[in-house]
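See structure below.
The structure presented is a predicted model; accordingly, all values stated were derived computationally and were not measured. We name chains A, B, ... by the order of the sequence lines, and we start the count at 1 in each one.
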Protein chains: 2
Amino acid sequence: MTAKPLSGKELAVAIRADVSARAARLAEAGFPPRLTVVTATEDESSAWYVSSIAKAAAKAGITCDVLDLGPDAGADNIRHTLRELSADPAVHGIIMQTPLPDGVRLDDVAEAIGIEKDVDGANPASLGRLAVGHPSFAPATAEAVIELLDHHAVPLSGSHTAVVGRSAVVGKPLAHLLLNRDATVTVCHSRTRDLPAITERADILVAAVGRAGLITPVHIGKDAVVIDVGTNATDDGLVGDVAPEATEVASALTPVPGGVGPVTTALLLRHTVQAAEQQCT
Amino acid sequence: MTAKPLSGKELAVAIRADVSARAARLAEAGFPPRLTVVTATEDESSAWYVSSIAKAAAKAGITCDVLDLGPDAGADNIRHTLRELSADPAVHGIIMQTPLPDGVRLDDVAEAIGIEKDVDGANPASLGRLAVGHPSFAPATAEAVIELLDHHAVPLSGSHTAVVGRSAVVGKPLAHLLLNRDATVTVCHSRTRDLPAITERADILVAAVGRAGLITPVHIGKDAVVIDVGTNATDDGLVGDVAPEATEVASALTPVPGGVGPVTTALLLRHTVQAAEQQCT
C-alpha cells in the first residue's frame, strides 16, 4: 500500500485567489492591506522564509514591509516596536519572525502585538481566546493542519487525534482547534513514555516536533491519516518529521515540501486581509 | 481491592495555615488582603459556595466582600464592575461567581478582570499565559487536581493522564498544567467515541464533566489513580462524576466531598494572598 498524498498546493492556490480578490476590494475602497514582518536575526533560512512571505504577499496585492531590528535587539526594543506597529492604523497585520536574539522569548515579546493584528497568533492572549472560542487568529501553521484535513475531507468530529509536539506555535493551539472541532486529542512530547503505543491508536497523527524522521511505521496505526508539520533542513534537502517508510502504513500523508507549508503561507495572507477588513470597517 | 482514598482535607488545612501566616504578615505591614466575589444570580448552591469562601477567607484573615449585581445584570454592567474592581488598589483578588444571567458568558466578561487580580483564572488571557508558562493564576479547581496528586506523591512526569471534560475552567487549563509537568495528556468529552477504550489506558484519570456516576469501572485501567472533580447535587446528597464501584478497580480515588473541593477553596485564598503580596511590594 502507498499512502494517498495530501497535497497542500491546490488548497493554497484557492486561498490565495480569495485573498487577492479581497485585497483588491480593500485597495479600491482606499484601504490597501499591509503586513509588517519584524525580524531580529541573521538566520538564513528565516531570511528565505520572510522573502517567500513578502513575495506571496506582493502577488496577492498585500504590501509587506520587513522591519529588521538586527540580531542584537533587546526584548524592550522589540516590544516597543511591536507596540508602535500595533498603534499604527496603516498596518493591519504584524508577524514577529523567529528565531529571536538569545534570551528573548517569542511569547514574552508577542504580548505587545495587538490581538486584532496578531495574524500569526503569537500573543498568549490570542491562544487563550482561541481556547475559549473567542474570535482570534490561530498560529497559521496550526490552522493549516485543520484546513488541510478539511480540504481532503478527513472527518475531525469524534476522531482520536494525536499531536506529537507541545509548542506554543503548533502543538498547543492545534490541540484547542481540534477540541473546538470535537476531536478527542492526545498531546505527546519528548517526555512521553512509549510513544508508539499511544500514537498507533490515533485516527489522525500530527507530527510537529522538528526532528527529521522521528515518526516511523511503528508509530502509525493501520489506515491512519498522518500530517507532517516538520520542516527540517538536512543534507538531502528539506524533510519532514515523518520517515519516508510511513507511506507503507498510513492511508494518507502530507508531503514535505508541498503539504502544510504552502497552506501556512496562504493563511498568513488570509489573516492579513481579514484583519484589514475588520480594522477598516 | 478497595482504592486508597485521596483525601484533600489535610492538604487544605496545610495550605490554609500557610495562607493565614502570610495574611497576618500583610496585615501587619498595613496591607490587609482583600478578595471581592461578584455574583449575579439567585442560585442557591452558588450562594452556599460563596458563603463558604467568605467564611474560609475570614478564618484566614482575608477580608471577603460579596458584591451582588442581581440576576438581571447585563454583560456591560458586569464588565464595568470588574474593571472598577481591577483598578481599585484596596482589592487584591476578584472572583466572578457563576452561574451568570442568561446570555452572559464567563469567559466574555472575565476579560475585564485584571490578570494580576484574576485569582480564579477566569480571564482567557490568564489561560493563554498559563499555556505558555508565564506567571498567571490557574483556575483553582484545575490547580487543586495537581496539588492533590503532588500531595499524595502520584508522579506526573511521563504519566498518561486522561481528562474527561473540556471546560475553560477545568479541562482545558488542567491539560496545560499537566503538559507543563511533562504528562502526556488526552482530553476527552461528550463527543469522544468509545470513551472506555481511551480512558482505561490512562495512568491517571480525571473526571470533570458534571454528571453523576458517569465514570464506572469499565472506564478505569487496573491500578489507575482517579481524581473526581464533579460535584453534583442529587437526592442522595453531593456526589461526584465517578460511580462508587470505581473503588473496586482504581488504586486510589478522591472522595466527594472531601477531595478536590477543600483544596480548591484553600487555593483561592492562597492566590489572594499571593496577589496581595505582589501588588503591595
Classify the side-chain pair His134(B)/Asp107(A) by whether it contains a donor and acceptor separated by less than 3.5 Å.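 Present: a donor and an acceptor within the cut-off.
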Assess whether atom [atom1] of [X] is packed by more than 12 heavy atoms of other residues, nucleotides or ligands within 6.0 Å.
{"X": "Arg181(A)", "atom1": "CZ", "value": "no"}
{"X": "His151(B)", "atom1": "NE2", "value": "yes"}
{"X": "His152(A)", "atom1": "NE2", "value": "yes"}

Is any side-chain heavy atom of Thr186(B) closer than 4.5 Å to a side-chain heavy atom of Val185(A)?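 In short, these two side chains do not touch, never coming nearer than 4.5 Å.
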So which part of Ile198(B) gets closer than 4.5 Å to some heavy atom of chain A, the side chain, the backbone, both or neither?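 For Ile198(B), side-chain heavy atoms alone lie under 4.5 Å from chain A.
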By a 4.5 Å heavy-atom criterion (distance strictly below it), what part of Ala162(B) contacts chain A: side chain, backbone, both, or neither?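 Looking at Ala162(B), nothing touches chain A.
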Mind ranking [options] by heavy-atom pairs under 4.5 Å with chain A and telling me who comes out on top?
{"options": "Gly133(B), Pro124(B), Ser167(B), Ala125(B)", "answer": "Pro124(B)"}
{"options": "Leu127(B), Val132(B), Asn123(B), Ile115(B)", "answer": "Val132(B)"}
{"options": "Ser159(B), Ala183(B), Pro173(B), Gly158(B)", "answer": "Gly158(B)"}

Under 3.5 Å donor-acceptor, Lys172(A) side chain and Ala131(B) backbone: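 Checked: pair present.
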For the candidates Arg105(A), Arg129(A), Arg201(A), which exhibits the highest count of non-hydrogen atom pairs separated by less than 4.5 Å from chain B?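 Highest number of heavy-atom pairs under 4.5 Å: Arg201(A).
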Contacts with chain A made by residues 187-195 of chain B (heavy-atom distance under 4.5 Å), listed by residue number: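 Heavy-atom contacts from residues 187-195 of chain B to chain A are Val187(B), Cys188(B), His189(B), Arg191(B), Thr192(B), Arg193(B).
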Portion of Ala175(A) that has a non-hydrogen atom of chain B nearer than 4.5 angstrom: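 Neither the backbone nor the side chain of Ala175(A) comes within 4.5 Å of chain B.
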Name the region of Leu178(A), side chain, backbone, both or neither, that has any atom closer than 4.5 Å to a heavy atom of chain B.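 When you check distances to chain B, no heavy atom of Leu178(A) falls under 4.5 Å.
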Which heavy atom of Leu179(B) sits nearest to which heavy atom of Arg166(A), and what is that distance?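 Looking at all heavy atoms of both residues, the closest pair is O-NH1, 2.7 Å.
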